[in-house]
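Here the structure comes first, spelled out in structure tokens, and everything after it is commentary.
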Amino acid sequence: MKKYDHKKIEARWQKAWQDEKIYEPDLKKAEKPFGTTQGKPFYNLMMFPYPSGEGLHVGHAFAFTGADVYGRKKRMEGRDVFEPMGYDSFGIHAENYAIKINEHPKELTRKTTERYEAQLKSMGIGYAWDERLLTSDAEYYKWTQWIFMQMWKHGLAYRKKQAVNWCPSCKTVLADEQVILRGVKNDPEQMRGIGVCERCSSVVKKKNLEQWFFRITKYAEKLLQNLEKIDWSEKIKIAQRNWIGRSEGASIRFRIKYKVSSIKSSDEYIEVFTTRPDTLFGATYMVLAPEHELISNLKSKISNFKEVENYVKKARSKTEEERTVETKDKTGVELKGIKAINPTNNEEIPIFAADYVLSGYGTGAIMAVPAHDERDWEFAKKFDIEIRNVIDPVFSTFEGKTEERERVVALVEDGDKVLTINWGPGKGGRLLVGGGIQSSEGPVETAQREIAEEAGYTHVKLAEIGQETVHYKYFSHNKKAGFHAHVKILHFKLEKKERVAQKLEDNEKGWFVVEWISKEQAGREIIDPLHNYVFQKFIAGKCYAGTGIMANSGKFSGMDSEEAKWAITKLVGGERKIQYRLRDWLISRQRYWGAPIPMIFCDTCAAAGKGEYPSASGEMHGWYAVPEKDLPVELPFIKEFRPQGKNESPLASVKEFYETKCPACGAKARRETDVSDTFLDSAWYFLRYPSVHNEKEAWDKALTKKWLPVNMYIGGAEHAVLHLLYSRFVTMAFHDFGILDFEEPFSVFRAHGLLIKDGAKMSKSKGNVVNPDEYVKNFGADAFRMYLMFLAPFEQGGDFRDQGILGITRFLDRVWKMGMEVSEGKEIEKTNSETETLIHQTIKKVTGDIDGLQYNTAISALMVFLSGLEKDGANRENFEILLKLLASFAPHITEELWYELGNKTSIHTSAWPKFDAALALGDTIDFVIQVNGKHRGTINIRRGIGQDEAEKLARETEKVKTALAGKNVHKVVFVPDRLINFVVQ
RNA sequence: GCCCGGGUGGCGGAAUGGUAUACGCGCAACACUUAAAAUGUUGUGAGCGAAAGCUCUUGUCGGUUCGACUCCGACCCCGGGCACCA
């Protein structure tokens with residue numbers, strides 16, 4: 001018997017597969033794969049890596065193997081699987097690593113891609129290497145530049161000066177998506193996280209620079225809407241939804257009044273966006289972002305302009321200095337001499353400049369409603385501005401065990417019954433009001449609306465001494481417990497009653513005595529001062545940001561706040577508006593290792609007011625795209641490639657590079673020296689793979705039609721709002737340019753889990769990176785692949801420990817042994833029925849599990865299958881099924897044994913086994929017997945048995961006899977083919 | 001604070017509302033061996049019991065159900081994402 005020598009076998013087959021190109025589908029004639037089965041193109045894509053020089057770690061191995069398993073099964077199912085691989089070799093991540101090890105990125109790329117390739121091949125991953133691509137190759141980035149140019153020509157690329165994120169270590173600007181918040185846990189001091197660079201974790205600063213942007217915001221709605229149509233991991237969709245951040249609200253104008261003159265002189269206004277127009281009556285001041293243009297525009301009108309200017313300067317520089325901790329502490333300054341007019345009541349309200357209002361969102365100005373917005377509340381407290389409540393919380397009742405949180409604040413006596421009114425904090429900052437009827441001795445009875453009504457009470461009034469008597473609308477919308485009361489305060493009682501003393505405990509200063517009143521008495525009137533009193537008394541310290549009933553709002557008082565939203569908007573002439581959080585994609589990078597942005601600036605044209613002005617890009621005098629025939633704009637090889645930190649790319653000091661001629665007038669002109677964001681390279685690579693050999697076009701029309709969109713895309717969840725969003729945007733844009741006929745690039749996307757080590761993410765700095773090479777060498781690629789797939793659910797990930805790998809090695813050894821025996825003729829003649837059932841069950845299970853990426857349970861089913869064959873005997877027929885099911889996970893050993901059994905073509909192009917659902921069920925079942933829901937044994941019975949027979953058989957068992965002795969069976973639950981349950985008393 | 005995941009043996013992890021702990025690791029005993037390793041067989045949630053068996057057990061507390069890891073309500077803990085977005 002031959003020994004299982006994984007090294008020899010794996011090396012041999014890896015070479016053979018490459019020579020025979022079994023993983024190379026015929027891209028042009030994809031309908032005829034390898035002459036066996038008929039099939040259709042299946043584009044199985046895995047996110048490509050960037051070269052880091054350290055080689056691939058087990059996290060990569062885990063992800064790539066998982067994607068490969070999926071592709072291999074699809075191939076065996078007759079699909080023409082295209083599984084390409086490439087390298088995201090351009091860009092800041094590769095360049096940073098090159099700087100670190102002091103090597104030129106070009107050289108680094110060459111070395112590391114070689115290394116990666118050897119590693120990937122050693123793991124037996126079935127890539128179509130003929131279509132390999134590198135984003136740093138000129139034949140690739142030529143088309144990246146072409147994409148930029150198309151964006152420009154269609155008005156989706158523009159240049160603008162604005163405050164942008166600047167990484168002082170990478171010495172370049174970053175897109176919003178590339179700034180991550182280092183977690184500063186939420187604490188009472190309201191510390192915020194700090195924005196740090198996605199690549200190097202340096203604290204990001206703000207700089208005012210002129211940069212290139214892509215108008216991704218134009219696609220905000222479509223990016224959001226299309227999420228409904230694609231089959232992606234739900235968490236990625238959620239992340240994208242949050243990032244796009246759609247809010248519905250109103251745009252409202254506030255007129256400005258100057259102190260020096262009358263209203264008539266002011267046709268100036270402040271426009272704000274608000275999601276809460278219903279709170280407009282409560283807007284007691286306004287805030288402009290420090291960058292807001294009105295501040296300088298109104299310079300002459302602002303009496304304390306010096307002070308304001310100082311603040312603005314400080315606020316701006318604050319973002320430029322190194323900040324360690326940013327707090328939510330509110331700062332600001334009033335713009336004296338001018339006022340805004342609240343359009344609902346024509347009140348004059350003060351205007352502030354404060355940095356808690358962001359210039360980049362909405363209009364950069366807000367109406368502040370301190371009573372109903374936490375940030376405004378804080379600001380108002382600090383600056384002593386009126387807090388005017390205009391929303392009355394909708395009270396919810398207490399339910400279940402909430403006593404310890406209740407604060408009894410009111411009670412009314414009626415004979416021996418006491419009604420208590422409880423107020424307490426509810427979910428989401430809501431105020432909960434409930435109550436109950438307590439008898440003189442018994443425990444608190446849950447207040448039922450019916451109880452109250454039976455007792456003749458439908459309304460409650462509650463009052464405090466000295467306050468005018470009011471009543472509140474009665475609510476009762478919870479069918480089960482409690483009531484909601486708008487109450488009338490009668491008087492404030494300062495002494496405590498023993499009965500509720502415990503409940504009041506220490507935090508209560510007193511309580512209100514309430515009195516039930518009739519519905520008629522109650523009416524609908526609400527008097528605001530008292531409401532404010534109650535509001536501040538019980539919600540004080542935290543404002544109420546929820547919805548509710550309008551108060552203090554003129555004719556809208558009493559209305560539902562949701563309803564009032566649009567009524568008030570209409571009243572003040574506002575407009576309904578959708579606002580997105582998404583910002584335009586900042587494309588320029590002041591770095592060397594990237595695709596040069598293919599634009600030329602001509603001074604002569606600019607002076608003459610000329611330029612190439614694609615619609616919607618705005619008038620950018622002097623700017624021209626590099627003509628298509630001149631692409632690529634080649635990145636020169638320079639030794640001084642390190643970033644210099646002068647807001648410029650190193651290319652800005654390469655004269656031969658930037659000196660050029662204006663494409664329009666021929667005068668001396670200057671090239672753009674910034675390069676594009678590396679995420680532009682990866683935002684379209686999937687379009688290039690099938691057309692990688694096409695030198696004339698970015699992508700071949702026919703091939704694209706055949707292969708795209710991608711059928712299955714597997715990658716990390718960390719790219720939810722970077723690569724995955726950008727790719728969708730680019731695809732949508734090119735669809736609209738008429739160059740692609742689909743909007744969404746990836747029909748299915750699944751995020752794989754992360755492999756962690758000792759409870760922490762693997763990273764070189766933590767020194768817990770596991771290198772897969774050792775495992776491949778010692779245990780073999782098959783064992784390693786399988787172990788990775790077995791160790792955790794693929795989409796969940798887990799802690800990498802190698803203790804379990806022996807289990808897989810043992811399994812493969814047994815497979816090998818069985819293979820040898822079968823090939824030597826030691827086999828049973830006929831598969832018995834038990835094995836027959838097992839075969840069909842296993843095919844069914846493995847097929848379904850691989851489809852659902854549940855590799856760990858698929859492998860466990862294969863283990864059960866092997867044990868079954870060992871017990872009942874194997875033969876060529878049933879063993880080949882095992883091999884096929886195993887082939888995706890362990891491609892080498894299965895191929896070896898497959899040929900050993902006399903097959904002449906690869907197992908990987910053989911047909912996936914089919915199962916018979918009826919056979920998978922089997923003839924007999926273990927039927928469960930329960931008494932009162934407790935397991936009391938099983939009997940093996942024929943499938944499809946009826947209740948009478950089952951019950952008879954069950955009653956005959958000793959256990960049931962004992963359990964039922966002297967008991968009265970009052971119910972029998974029978975679940976066919978599963979269980980019978982005797983319910984006794 | 002908000003939004004997602006998740007909490008099951010010593011460990012990784014299984015379970016369409018129907019035998020909780022599949023499969024694997026580890027551990028123990030036995031077989032083979034001069035011996036060890038490898039391999040094979042058996043056992044392995046906890047407690048009580050000589051045994052048959054009984055009781056308890058899926059983060060906590062309640063609820064629905066003949067029956068709950070699974071459904072509902074409230075809470076606790078861990079991991080991840082987002083966060084001054086009006």
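A, B, ... follow the sequence lines: proteins, then strands. Residue 1 opens every chain. Not measured: the values here are computed from a predicted model.
- Rounded to an integer number of Å, the gap from Arg581(A) CZ to C2(B) P is 17 Å.
- Nucleotide C84(B) holds its C1' atom 17 Å from the CZ atom of Phe352(A), rounded to whole Å.
- Across the protein-nucleic acid pair, Glu718(A) atom CD and C82(B) atom P stand 12 Å apart, rounded to whole Å.
- Using a 4.0 Å cut-off, no side-chain N or O of Tyr356(A) falls inside it from OP1 or OP2 of A86(B).
- Between Phe794(A) and Phe62(A), a ring centre-to-centre spacing shorter than 6.0 Å is recorded.
- Checked for salt-bridge contact, Arg246(A) and Glu221(A) meet the test: a charged N lies under 4.0 Å from a carboxylate O.
- Between the P atom of G12(B) and the CG atom of Leu788(A) lies a distance of 17 Å, rounded to the nearest Å.
- Nucleotide G12(B) is shown with an anti base, its glycosidic torsion being more than 90° from 0.
- Taking the side chain as every heavy atom from C-beta outward, Trp243(A) and Leu722(A) never approach each other to under 4.5 Å.
- For Phe811(A) and G40(B), the CZ to C1' distance is 17 Å, given to the nearest whole Å.
- Annotation: U57(B) and G47(B) have their C1' atoms spaced 11 Å apart (nearest Å).
- Mapping Ile238(A) and Lys817(A) onto RNA chain B by nearest heavy atom places Ile238(A) at the nucleotide closer to the 5' end.
- Thr217(A) and Asp584(A) are linked by a side-chain donor-acceptor pair at a separation below 3.5 angstrom, with hydrogens and angles left out of the test.
- Lys971(A) has a side-chain polar atom (N or O) that falls below the 4.0 Å cut-off from OP1 or OP2 of C66(B).
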Using a cut-off of under 3.5 Å, enumerate the N/O to N/O pairs linking the protein to nucleotides 14-20 of chain B.
unit_1	atom_1	unit_2	atom_2	d
A14(B)	OP1	Asn856(A)	ND2	3.0
U16(B)	O4	Arg978(A)	NE	3.0
U16(B)	O4	Arg978(A)	NH2	2.6
G18(B)	N2	Gln930(A)	OE1	3.0

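- A gap of 31 Å separates the P atoms of C71(B) and C25(B), to the nearest Å.
- By the 4.5 Å heavy-atom criterion applied to side chains, Met286(A) and Phe352(A) are not counted as neighbours.
- To the nearest whole angstrom, the two P atoms, one in C2(B) and one in A74(B), are 13 Å apart.
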Under 4.0 Å protein heavy-atom contact, by nucleotide of nucleotides 51-56 of chain B - B base, S sugar-phosphate only: --SSSS
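- Side-chain rings of Phe811(A) and Phe889(A) stay apart, their centers remaining 6.0 Å or farther from each other.
- Looking at RNA chain B, the stems built from 3 or more consecutive Watson-Crick or G-U wobble pairs, each pair with its key distances under 3.5 Å, are B:1-7 with B:76-82, B:10-12 with B:23-25, B:26-31 with B:39-44, B:45-48 with B:53-56, B:59-63 with B:71-75.
- The Val983(A) side chain lies nearest to C66(B) when the options are C84(B), C4(B), C66(B).
- Judged by distance alone with a 3.5 Å cut-off, a donor-acceptor contact links the side chain of Lys330(A) to the base of C84(B).
- Trp816(A) places its CH2 atom 18 Å from the C1' atom of U39(B), with the value rounded to the nearest Å.
- In this structure, CG of Leu725(A) is placed 13 Å from P of C82(B), rounded to the nearest angstrom.
- Partners of Arg750(A) under the side-chain contact (heavy atoms from CB on, under 4.5 Å) rule, at least two apart in sequence or in another chain, are Asp231(A), Ser233(A), Met712(A), Ile714(A), Val748(A), Glu795(A), Leu853(A).
- Put simply, the residue from Phe254(A), Phe383(A), Phe379(A) that forms a ring-ring contact (aromatic ring centres under 6.0 Å, His included) with Tyr285(A) is Phe379(A).
- Counting only N and O atoms by type, the side chains of Asp849(A) and Tyr855(A) include no donor and acceptor under 3.5 Å apart.
- If you take atom C1' in A31(B) and the same atom in A38(B), they sit 14 Å apart, rounded to whole Å.
- Comparing A15(B) with G9(B), their C1' atoms are spaced 15 Å from each other, to the whole Å.
- Ion pairing between a basic and an acidic side chain is recognised when a charged N comes within 4.0 Å of a carboxylate O; Arg241(A) and Glu234(A) show such pairing.
- Nucleotides G12(B) and U64(B) place their C1' atoms 34 Å apart, quoted to the nearest Å.
- With both ends at atom C1', the span from U55(B) to G5(B) equals 35 Å, rounded to whole Å.
- Taking a cutoff of 4.0 Å between a charged side-chain nitrogen and a carboxylate oxygen, Arg801(A) and Asp799(A) qualify as a salt bridge.
- Residues forming a side-chain contact (heavy atoms from CB on, under 4.5 Å) with Leu358(A) (at least two apart in sequence, or on another chain): none.
- Taking 4.0 Å as the cut-off between side-chain N and carboxylate O, Arg955(A) and Glu951(A) count as a salt-bridged pair.
- Residues Ser251(A) and Arg576(A) bring no donor and acceptor atom of their side chains to less than 3.5 Å of each other.
- With hydrogens and angles left out, the side-chain atoms of Asp376(A) and Tyr356(A) include a donor and acceptor closer than 3.5 Å.
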Would you give a per-nucleotide map of nucleotides 23-32 of chain B, 5' to 3', where B means the base has a protein non-hydrogen atom under 4.0 Å away, S means only the sugar-phosphate does, and - means neither? BSSS------
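- Among the atoms of the strands shown, none is found under 4.0 Å from any heavy atom of Val972(A).
- Test Asn242(A), Leu724(A), Leu227(A), Leu224(A) against Lys237(A) for side chain to side chain contact (heavy atoms under 4.5 Å, CB included) and you get one pass: Leu227(A).
- Between the C1' atom of C66(B) and the CD atom of Glu951(A) lies a distance of 13 Å, rounded to the nearest Å.
- Taking the P atoms as reference points, G63(B) lies 31 Å from A14(B), given to the whole Å.
- Comparing A83(B), C84(B), C4(B) by their nearest atom to the side chain of Trp243(A) picks out A83(B).
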